[in-house]
Amino acid sequence: MERTLVLLKPDAVQRGLIGEITTRLEQRGLKLVGAKLVQVDSSLAENHYAVHKGKPFYEGLITYIAASPVVAMVWEGPGAIEVVRVTMGATDPREAVPGSVRHDFGLEIGRNLTHASDGPQTAQDEIQLWFSEDELVSWPRDIDRWIYET
Ligand code: IDP
Ligand code: MG
C-alpha cells in the first residue's frame with residue numbers, strides 16, 4: 001500500500017490545527033502508520049528542502065520549518081501520495097480550492113500549513129529521512145474492509 005510523508009508545519013501546530021488537519025486525513029480513509037512531534041534542526045531542514053536550495057524563498061523556508069515544532073506523520077492508502085496532496089490543496093493557499101486544508105486555513109504561500117510528498121521517489125526518501133523503520137507501524141484496521149474494496 002502506498003505511503004506518504006505529511007508535515008504539519010509550525011503554523012499549523014501553533015494555531016492548534018493538528019486535530020483538524022489530522023481528522024481530515026482520517027476521514028478521507030487514510031491510515032496513520034507513523035507520527036511524532038519534532039523540533040527541526042537546520043540539518044534536517046536543509047536535507048528536507050535540498051531541492052529548493054538556491055531559490056529566492058529558500059532561506060525563509062528553512063527559518064519557517066525550524067521556527068517551532070512540526071508534527072511528522074506517515075499516511076498509508078491507495079494512491080496516498082496524490083490523495084494527500086489534493087486534500088492539502090495548491091501550494092499557494094490563495095489558489096487552493098475551497099475544501100482543501102490550505103484554502104480553508106491559509107492565506108500566504110510562506111505559511112501554507114502542511115507538507116506532503118510529491119511522488120513515489122520523494123515519498124520513499126522523505127519517509128526514510130524523517131522516520132526509522134521501527135517508528136512505522138503496519139496495523140490492520142477493523143474498518144479496512146469498509147474503506148478498501150479488496
Ligand atoms: P509544496 O509544499 O506544495 O510541494 P513546493 O513547491 O515543494 O510546494 O515548495 C515547498 C514549500 O516552499 C511550500 O510549501 C511553501 O511553504 C514554500 N514556498 C514555495 N514557493 C514559495 C514562494 O514563492 N514564496 C514563499 N514560500 C514558498
Ligand atoms: Mg514540495
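Just so we're clear, the structure is a prediction, and the values are computed from it rather than from any experiment. Whatever order the structure lists ligands and atoms in, that order sets their numbers, starting from 1. Note: hydrogens, waters and symmetry copies are ignored here, and every other heavy atom, side chains too, is used. Residues: numbered from 1 along the sequence shown.
- Taking a 4.0 Å cut-off on heavy atoms, Met88 fails to register as neighbouring ligand 1.
- The shortest contact between atom 13 (C) of ligand 1 and any protein heavy atom is with Asn112 ND2, 3.5 Å.
- Here the straight-line distance linking atom CG of Leu8 with atom CD of Glu20 works out to 11.5 Å at 0.5 Å rounding.
- For ligand 1, the polar-atom distance check finds an N/O of Thr91 within less than 3.5 Å of one of the ligand's N/O atoms.
- Of all atoms in ligand 1, numbered sequentially from 1 with element shown, those under 4.0 Å from a heavy atom of Arg102 are 1 (P), 2 (O), 3 (O), 14 (O).
- For Glu26, the CD atom counts as densely surrounded, since its 6.0 Å shell holds more than 12 non-hydrogen atoms of other residues, nucleotides or ligands.
- Considering backbone and side-chain N/O of Tyr64, none are found under 3.5 Å from N/O of ligand 1.
- Distance from atom 17 (C) of ligand 1 to its nearest protein heavy atom, with residue and atom name: Leu61 CD1, 3.8 Å.
- Near Arg85, with a cut-off below 4.0 Å to any heavy atom, the atoms of ligand 1 are 3 (O), 4 (O).
- Residue His52 touches ligand 1 through its side chain alone, judged by heavy-atom distances below 4.0 Å.
- Looking only at protein heavy atoms, the nearest one to atom 22 (C) of ligand 1 is Phe57 CD2, 3.6 Å.
- Tyr58 and Tyr49 get closest at one heavy-atom pair: CE1-O, 3.6 Å.
- Looking at Thr91 and Arg85, their side chains never bring a donor and an acceptor atom within 3.5 Å of each other.
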query = Is there a side chain to side chain donor-acceptor pair (under 3.5 Å) between Glu126 and His115 once you walk through the steps?
reply = CA-CA 11 Å; Glu126 290 179 349; His115 167 84; 2.9 Å; yes
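- Inspection of the Asn112 and Glu108 side chains reveals no N or O donor paired with an N or O acceptor under 3.5 Å.
- Heavy atoms of Ile109 approach ligand 1 to within less than 4.0 angstrom.
- Side-chain contact check for Thr4 versus Val74: every heavy-atom pair is 4.5 Å or farther apart.
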